[in-house]
Amino acid sequence: MTYFRQFRDESSGACAYLIGCTAGRCAVIIDPQPGQLDLYRGVVAELQLQLEWIVETHDHPRHSGAADELRQGTTARIARSYHAASAVAADRQLRHGDRLQVGDIELETIETPGHTGSCLTFRWEDRLFTGDCLLIGNCGNTDAADASAALLYDSITRRLFAFPDETLIYPAHCDGDRCVGCIGAERRSNPELHGIGRDEFIARRREAGRRQRTQPTQPPNAGAWHVE
Ligand SMILES: [Fe+2]
């Protein structure tokens, strides 16, 4: 038996996930958010689990330090992409195809670069934790220095869209009340991707970046939700 929890930070729409194994009394947390660490600790304690692994889908300015802080006072280890700048501080550096075992839970590593050069998606059974690669009705931006619209398009269309329609998507950011999606719906109707070829996707991203650079800076708290 497993436990599964989605934690959403209402101030940012950012999502973290806990998967717990009752047999091994152990748990993994994906993409912990600063400001919610006591919540995670409380749930882990309430479920009588030991936090064994903390994994991150990518280096993220807003998450920075959360994994290290969450680990303090525990025996938990941190796993990140082999390609991430923060990989040197990780206990395990993950590459495409690597599997992380947490009790009976197995997370498969899928490299899905684009939003950043080191983005990972994790698969657990019929669920994909897509980070800021594929979102619900959207996909991650390509603003980071090591971002690539071409790689983002390829990661989504070649790797994630290769999964069956019913595969569930749990992203690192939720749009409104939609906190879970599925591959079939995204393949059929994601407005950023449906009917859009690779060259057009890249051109749109280039134009969006150009517009963003020429627009005045938004005031603080101008939007309740954003993708980083
Ligand atoms: Fe991000």
Side-chain angles (χ1 to χ4, degrees), residues 6-17 28-37 40 54-70 78-87 89-90 93-94 96 107 109-123 127-157 159-160 169-176 178-181 186 190 192-193 201-202 204-206 208-209 212-213 217-218 220-228:
Q6 181 183 54
F7 302 97
R8 178 176 151 136
D9 182 341
E10 294 301 331
S11 66
S12 65
C15 295
Y17 300 91
V28 54
I29 288 184
I30 302 170
D31 284 340
Q33 306 292 313
Q36 298 220 301
L37 303 184
Y40 310 147
I54 302 164
V55 301
E56 292 185 315
T57 54
H58 63 299
D59 284 347
H60 198 300
R62 283 176 63 92
H63 307 183
S64 180
D68 295 296
E69 191 178 340
L70 182 60
I78 296 175
R80 298 184 170 112
S81 167
Y82 170 83
H83 303 288
S86 61
Q93 301 174 352
L94 297 168
H96 187 68
L107 290 183
T109 305
I110 304 165
E111 290 183 346
T112 48
H115 171 65
T116 71
S118 56
C119 280
L120 302 178
T121 288
F122 295 105
R123 184 188 67 79
R127 299 167 195 216
L128 295 172
F129 301 91
T130 55
D132 285 344
C133 178
L134 178 59
L135 306 173
I136 302 168
N138 204 341
C139 54
N141 67 37
T142 46
D143 298 343
D146 62 344
S148 162
L151 283 177
L152 181 62
Y153 187 87
D154 292 345
S155 291
I156 294 172
T157 59
R159 290 202 163 153
L160 300 183
I169 298 167
Y170 288 94
H173 286 89
C174 293
D175 185 3
R178 300 163 67 202
C179 290
V180 58
E186 296 307 317
N190 187 312
E192 296 289 322
L193 297 152
F201 181 86
I202 295 166
R204 285 179 174 213
R205 290 290 159 146
R206 192 178 299 130
Q212 194 174 36
R213 285 192 295 276
T217 306
Q218 283 191 319
N221 303 318
W225 180 84
H226 59 273
V227 177
E228 293 185 330

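Note: hydrogens, waters and symmetry copies are ignored here, and every other heavy atom, side chains too, is used. Note that ligands are numbered from 1 as they come in the structure, with each ligand's atoms numbered from 1 the same way. Keep in mind that this is a model prediction, so the values were computed, not measured.
Residue Cys119 does not count as close to the Fe ion (ligand 1), with no N, O or S atom under 2.8 Å. His58 lies close to the Fe ion (ligand 1), since one of its N, O or S atoms is found at a distance under 2.8 Å.
The closest donor-acceptor contact from the side chain of Asp31 to the backbone of Thr57 lies under 3.5 Å.
If you look at His115 and ask which of its N, O or S atoms sits nearest the Fe ion (ligand 1), the answer is NE2. Within Asp132, the N, O or S atom at minimum distance from the Fe ion (ligand 1) carries the name OD2.
The side-chain heavy atoms of Leu134 and Leu193, taken from C-beta on, include a pair separated by under 4.5 Å.
Using cut-offs of 30° and 60° for the angle between ring planes, the Tyr170 and Phe129 rings count as parallel.
Every pair tested for salt bridge (charged side-chain N to carboxylate O under 4.0 Å, His left out) that includes a residue from residues 111-121 fails, sequence neighbours excluded, so the list is empty.
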